[in-house]
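Pasting a structure below so you can have a look.
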Amino acid sequence: PGDLSDDDLSTLEQIIPLLYPTVVLARVCDVLWIRRRKFHFAENSLKIYLECAQKEFDLENWIFSAKYIERALRLASMLRRKKPELINSTMETLYKWIIEESSNDTKFATYRLIDLLVEFRYKDITTLFSKAALIAENAQIIYDFHRAEQYWRLAVKCARAGGDEN
């Protein structure tokens with residue numbers, strides 16, 4: 001975004017109504033937020049990133065959705081002084097996905113979502129710990145030791161974030 005001129009930024013602002021709620025629109029709003037610091041661009045970007053993540057979320061091909069979710073969460077964090085409900089609602093959306101999708105996850109989507117919530121100090125760390133530990137145990141049962149190890153490490157990270165140093 002730093003290499004865009006003021007004219008480029010003005011052009012981006014003008015084309016916003018022509019873009020549909022897609023990642024391109026989210027990114028354009030994100031760039032305008034970064035460069036122009038207008039709150040509504042950040043808020044729109046956050047909303048569209050979440051919509052795109054929800055629309056494209058798939059446990060087999062989850063990486064792009066996770067990136068959209070992460071950017072939405074980081075934007076919400078930046079806006080928390082002006083609108084604290086944005087960070088709370090974004091974290092609740094992630095938490096809901098974890099609760100609904102984790103039992104079907106055979107890869108690392110749940111890992112990434114839990115890790116993000118731990119990073120942003122989500123309030124229900126105990127449930128996140130339980131989910132990570134359960135996934136680790138189930139991975140061990142089917143001899144998926146790499147996945148088990150990663151989820152055990154995540155469970156430890158959750159426990160430490162919750163204040164349990166043992």
Side-chain angles (χ1 to χ4, degrees), residues 1 9 12-13 15-136 150-151 153-164:
L9 295 172
L12 286 176
E13 278 189 69
I15 67 166
I16 284 177
L18 305 174
L19 300 173
Y20 295 103
T22 64
V23 176
V24 174
L25 177 57
R27 188 65 186 135
V28 167
C29 288
D30 204 350
V31 166
L32 290 168
W33 157 247
I34 291 167
R35 291 290 305 279
R36 297 257 166 107
R37 287 295 191 211
K38 292 182 180 175
F39 182 82
H40 69 280
F41 288 129
E43 197 170 16
N44 287 341
S45 183
L46 184 157
K47 179 181 158 215
I48 297 165
Y49 277 130
L50 279 178
E51 285 174 14
C52 290
Q54 286 176 315
K55 186 169 53 173
E56 296 180 24
F57 190 77
D58 170 6
L59 289 172
E60 292 299 312
N61 304 297
W62 56 271
I63 293 175
F64 286 114
S65 288
K67 288 181 182 206
Y68 306 151
I69 291 165
E70 180 176 359
R71 184 60 186 152
L73 191 55
R74 294 196 186 288
L75 283 167
S77 179
M78 285 186 249
L79 305 174
R80 73 173 17 149
R81 283 195 182 116
K82 197 167 189 177
K83 272 196 150 175
E85 67 273 11
L86 288 176
I87 187 85
N88 296 332
S89 66
T90 303
M91 286 197 291
E92 288 302 323
T93 298
L94 268 65
Y95 182 77
K96 181 180 163 192
W97 288 351
I98 291 166
I99 299 304
E100 292 174 358
E101 301 291 341
S102 64
S103 61
N104 300 319
D105 185 10
T106 59
K107 298 194 177 181
F108 289 92
T110 302
Y111 179 97
R112 185 66 189 122
L113 297 179
I114 290 174
D115 194 42
L116 282 169
L117 288 179
V118 171
E119 178 184 341
F120 285 91
R121 297 183 177 105
Y122 185 71
K123 63 183 181 240
D124 189 2
I125 226 60
T126 305
T127 301
L128 298 178
F129 167 82
S130 297
K131 283 288 180 190
L134 179 63
I135 292 169
Q150 295 305 311
Y151 275 95
R153 289 178 189 271
L154 182 61
V156 168
K157 187 175 184 179
C158 290
R160 288 185 176 149
D164 185 356

Should K157 and E119 count as an ion pair when the cut-off is N to O under 4.0 Å?
->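 Salt bridge: no.
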Let me see the working for K123 and E92 under salt bridge (charged side-chain N to carboxylate O under 4.0 Å, His left out), right down to the final yes or no.
-> CA-CA 10 Å; K123 63 183 181 240; E92 288 302 323; 2.8 Å; yes
Quiz item: cation-pi between R35 and W33, 6.0 Å / 45° =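 That pair does not qualify as a cation-pi contact.
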Evaluate the side-chain proximity of Q54 to W97: yes if any heavy-atom separation is below 4.5 Å, no if none is.
->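 SC-SC contact between W97 and Q54 confirmed.
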Minimum heavy-atom distance Y151-K107, with the two atoms named =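 It is OH-O, 3.4 Å.
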Whether over 12 other heavy atoms sit under 6.0 Å from F39 CZ =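 For F39, atom CZ is crowded (more than 12 foreign heavy atoms under 6.0 Å).
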Residues N88, R80; criterion side-chain contact (heavy atoms from CB on, under 4.5 Å); working and verdict = CA-CA 9 Å; N88 296 332; R80 73 173 17 149; over 6 Å; no
Any side-chain heavy atom of L73 sitting closer than 4.5 Å to one from I87?
->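 L73 reaches I87 side chain to side chain.
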K82/E43 salt bridge by N-O under 4.0 Å criterion |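 Judged by the 4.0 Å cut-off on N to carboxylate O distance, E43 and K82 do not form a salt bridge.
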Result of checking T93, L94, T90 against I69 for side-chain contact (heavy atoms from CB on, under 4.5 Å) |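 Looking at T93, L94, T90, the match for I69 under the side-chain contact (heavy atoms from CB on, under 4.5 Å) is L94.
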Would you check, one step at a time, whether the test side-chain contact (heavy atoms from CB on, under 4.5 Å) holds for C29 with L25?
-> CA-CA 6 Å; C29 288; L25 177 57; 4.0 Å; yes
Hey, could you give me the CZ/CZ distance between R36 and F41, rounded to the nearest 0.5 Å?
->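 Atom-to-atom, R36:CZ and F41:CZ are 7.5 Å apart.
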Is the count of non-hydrogen atoms from other residues, nucleotides or ligands lying under 6.0 Å from R81 atom CZ greater than 12?
->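 Atom CZ in R81 is not packed in, count stays at 12 or less.
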